[in-house]
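Data block below; observations after.
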Amino acid sequence: MSKILIRGAKVLGGEPQDVLIDGETIAATARQGEIDWSGAGIDAGDATVVEAEGQVLLPGLVDLHTHLREPGREDSETVLTGTKAAAVGGFTAVHAMANTFPVADTAGVVEQVWRLGKESGYCDVQPIGAVTVGLEGKQLAELGAMHDSAAGVKVFSDDGKCVDDAVIMRRALEYVKAFDGVVAQHAQEPRLTEGAQMNEGIVSAELGLGGWPAVAEESIIARDVLLAAHVGSRVHICHLSTAGSVEIVRWAKSKGWNVTAEVTPHHLLLTDELVRSYNPVYKVNPPLRTEADVLALREALADGTIDCVATDHAPHPHEDKDCEWAAAAMGMVGLETALSVVQQTMVETGLLDWAGVADRMSFRPAAISRLDGHGRPVSAGEPANLTLVDPAYRGVVDPAGFASRSRNTPYEGRELPGRVTHTFLRGRATVVDGKLA
């Protein structure tokens with residue numbers, strides 16, 4: 001593997017530096033001019049040079065919440081197309097949710113997904129195991145066997161469905177303690193959301209659509225942080241979406257409980273006002289909330305109450321979205337636009353700097369899942385999992401150019417800032433000049 005010299009990049013948004021990649025690791029970093037790159041002290045004369053003036057170098061992004069659909073729904077996405085989309089978005093690792101067909105509730109299925117990720121080569125794929133058999137919420141899945149498998153599963157979730165039975169949730173939290181695992185909860189009280197189509201509020205009342213109340217999310221989060229504290233285990237809240245949920249998580253953390261939470265890019269930017277268009281591209285679970293919720297989520301991500309950004313990349317084929325609202329599937333693709341949305345909502349508003357972005361989109365998600373080799377500092381001796389982004393770029397989102405197999409993006413035709421120019425997975429370029437290598 002040849003050497004690569006990234007010249008003049010702003011590491012985590014700081015002063016320009018030169019970064020030398022040698023094989024799978026970062027060989028050296030130095031402020032420009034400190035090292036003679038012609039070979040004095042470091043043999044870098046044969047390095048491929050990437051001119052990165054004005055660009056920001058981040059550790060490779062890590063997504064805790066991706067739907068790759070394989071096995072079973074390859075018409076929506078495959079591990080190969082999903083990891084291509086991830087690489088284009090600057091991700092070097094994604095966590096694949098368990099709601100596949102068959103469900104990833106056994107060692108055999110999680111190993112299949114893990115091996116498909118190894119074969120794809122565009123980013124690392126860490127499978128998430130189901131909490132319950134078939135996502136049915138009745139019987140614990142093979143948590144220990146999935147952890148002991150080649151996939152080494154440490155995150156478990158029935159995402160798409162809530163583990164609404166308190167006894168089952170308690171047992172899962174107790175079980176994963178044995179290997180420092182974490183249960184990632186899709187917080188949705190099912191009885192409170194029967195027939196729900198969008199956020200419950202002024203807009204749902206005016207449109208006559210079934211309302212999805214904030215309390216359906218908040219009541220499950222309140223129960224689960226109490227359960228996690230009771231058994232001394234780790235719980236992670238998926239796609240937190242309301243101001244009330246923020247306050248519950250903030251309270252739990254103030255008690256010293258082992259609770260973490262994620263927010264999606266679309267919940268940082270979009271509101272339920274968009275549902276007035278009746279365009280099913282805006283139909284998502286949990287639903288788009290109010291402007292007040294959006295602002296509360298941004299503040300919570302900035303102050304660390306919300307630990308990380310996760311895409312909840314949910315690809316669907318055209319026919320599942322190009323239909324009437326009530327019949328449409330819930331979900332949005334997000335891997336290829338996530339960093340741009342975070343730049344717009346968090347960096348350009350002054351709520352986070354680029355070091356903060358690295359923390360929320362790489363360091364913390366890797367720490368939550370105990371993922372080795374990712375979320376590491378950009379320094380000598382570390383794995384060369386890196387993302388180079390041009391923050392000055394402005395472009396209109398065109399899903400026709402997506403690497404994902406699906407096109408259900410809520411940002412079509414919208415101008416977003418920033419573009420990933422290069423992604424490196426253990427020193428190998430997976431994206432060069434914005435295109436798949």
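Atoms considered below: every heavy atom in the structure, side chains included; atoms not considered: hydrogens, waters and symmetry mates.
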Please tell me if the side chains of [X] and [Y] come closer than 4.5 Å, counting only heavy atoms from C-beta onward.
X: Leu173; Y: Arg170; result: no
X: Leu80; Y: Lys84; result: yes
X: Val88; Y: Val420; result: no
X: Asn199; Y: Leu288; result: no
X: Glu77; Y: Glu70; result: no
X: Phe179; Y: Asp148; result: no
X: Asn285; Y: Thr193; result: no
X: Tyr122; Y: Val431; result: no

Within the side chain of [X], is there an N or O that forms a donor-acceptor pair under 3.5 Å with the backbone of [Y]?
X: Lys10; Y: Trp354; value: no
X: Gln139; Y: Val133; value: no
X: Asp22; Y: Ala27; value: no
X: Ser406; Y: Asn408; value: no
X: Gln188; Y: Pro286; value: no
X: Thr78; Y: Glu74; value: no
X: His316; Y: Met330; value: yes
X: Glu189; Y: Val215; value: no
X: Lys321; Y: Ala328; value: no
X: His95; Y: Gln126; value: no

- Task: Test Thr29 against Val11 for side chain to side chain contact (heavy atoms under 4.5 Å, CB included), laying out the working first.
- Result: CA-CA 10 Å; Thr29 67; Val11 176; 6.0 Å; no

Heavy-atom closest pair, residues [X] and [Y]:
X: Pro280; Y: Cys323; result: CG-O, 3.1 Å
X: Gly304; Y: Arg360; result: N-NH2, 3.9 Å
X: Thr387; Y: Gly90; result: OG1-O, 2.6 Å
X: Arg234; Y: Ile368; result: NH1-O, 2.8 Å
X: Asp63; Y: Thr66; result: OD2-OG1, 2.6 Å
X: Ala300; Y: Asp303; result: O-OD1, 2.9 Å

Straight-line distance of [X] [atom1] to [Y] [atom2], nearest 0.5 Å:
X: Leu135; Y: Asp158; atom1: CG; atom2: CG; result: 4.5 Å
X: Gln185; Y: Asp164; atom1: CD; atom2: CG; result: 8.5 Å
X: Leu140; Y: Met169; atom1: CG; atom2: CE; result: 10.5 Å
X: Arg426; Y: His374; atom1: CZ; atom2: NE2; result: 5.5 Å
X: Leu143; Y: Glu174; atom1: CG; atom2: CD; result: 12.0 Å
X: Thr421; Y: Asp433; atom1: OG1; atom2: CG; result: 7.0 Å

- Task: Any chance you could lay out the side chain to side chain contact (heavy atoms under 4.5 Å, CB included) test for His186 and Lys161, step after step, and finish with the verdict?
- Result: CA-CA 6 Å; His186 174 115; Lys161 295 183 178 180; over 6 Å; no

- How are the rings of His65 and His239 set relative to one another: parallel (under 30°), tilted (30 to 60°) or perpendicular (over 60°)?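 Answer is tilted, since the angle falls between 30° and 60°.
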
- Query: Once the angle between the rings of Phe424 and His422 is folded into 0 to 90°, is it parallel (under 30°), tilted (30 to 60°) or perpendicular (over 60°)?
  - Reply: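 Correct class here is parallel.
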
If we ignore angles and hydrogens, is there a donor and acceptor under 3.5 Å between the side chains of [X] and [Y]?
X: His236; Y: Thr260; result: yes
X: Asp293; Y: His267; result: no
X: Glu218; Y: Thr242; result: yes

- Task: Evaluate the side-chain hydrogen bond (donor to acceptor under 3.5 Å, both in side chains) criterion for residues Thr337 and Ser340: first the C-alpha distance (whole Å), next the side-chain angles of each, then the deciding distance (0.1 Å), finally the verdict.
- Result: CA-CA 5 Å; Thr337 51; Ser340 291; over 6 Å; no

- Kindly indicate, with the supporting measurements, whether the criterion side-chain hydrogen bond (donor to acceptor under 3.5 Å, both in side chains) is fulfilled by His266 and Asp312. CA-CA 9 Å; His266 48 270; Asp312 194 9; 4.9 Å; no

- Query: When you look at Ser369 and Leu64, which way does the side chain to side chain contact (heavy atoms under 4.5 Å, CB included) test go after all the steps?
  - Reply: CA-CA 8 Å; Ser369 69; Leu64 266 179; 3.8 Å; yes

- Message: I'd like to know whether Leu240 forms a side chain to side chain contact (heavy atoms under 4.5 Å, CB included) with Val246, so could you lay out the CA-CA distance, the side-chain angles of the two residues, the decisive distance to 0.1 Å, and finally the verdict.
- Response: CA-CA 8 Å; Leu240 185 149; Val246 166; 3.6 Å; yes

- Item | Pairing residues for Arg370 by the side chain to side chain donor-acceptor pair (under 3.5 Å) criterion, not counting sequence neighbours |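 In terms of side chain to side chain donor-acceptor pair (under 3.5 Å), with neighbours along the sequence ignored, Arg370 is linked to Asp180.
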
- Task: Take Glu136 and Thr132 through the test side-chain hydrogen bond (donor to acceptor under 3.5 Å, both in side chains) and record every step on the way to the result.
- Result: CA-CA 6 Å; Glu136 294 179 353; Thr132 66; over 6 Å; no

- Pick one: which of Thr305, Asp307, Asn258 meets side-chain hydrogen bond (donor to acceptor under 3.5 Å, both in side chains) with Lys253?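 Answer after filtering Thr305, Asp307, Asn258: Asp307.
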
- Message: If the condition is side chain to side chain contact (heavy atoms under 4.5 Å, CB included), which residues does Arg73 pass it with, not counting sequence neighbours?
- Response: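 Partners of Arg73 by the side chain to side chain contact (heavy atoms under 4.5 Å, CB included) criterion, ordered by chain and then number, come out as Arg69, Asp75, Ser76, Phe101, Pro317, Asp320.
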
- What do you reckon, is NZ of Lys154 surrounded by more than 12 foreign heavy atoms closer than 6.0 Å?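 Result for NZ/Lys154: enclosed.
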
- Query: Is it true that atom CG of Asp165 has more than 12 heavy atoms of other residues, nucleotides or ligands lying nearer than 6.0 Å?
  - Reply: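 Result for CG/Asp165: enclosed.
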
- Item | Trace of the salt bridge (Lys or Arg N to Asp or Glu O under 4.0 Å) decision for Glu217 with Arg289 | CA-CA 12 Å; Glu217 174 174 303; Arg289 304 291 188 179; 3.8 Å; yes

- Item | Working for salt bridge (Lys or Arg N to Asp or Glu O under 4.0 Å), residues Glu194 and Arg191 | CA-CA 6 Å; Glu194 290 178 2; Arg191 292 296 301 279; 3.2 Å; yes

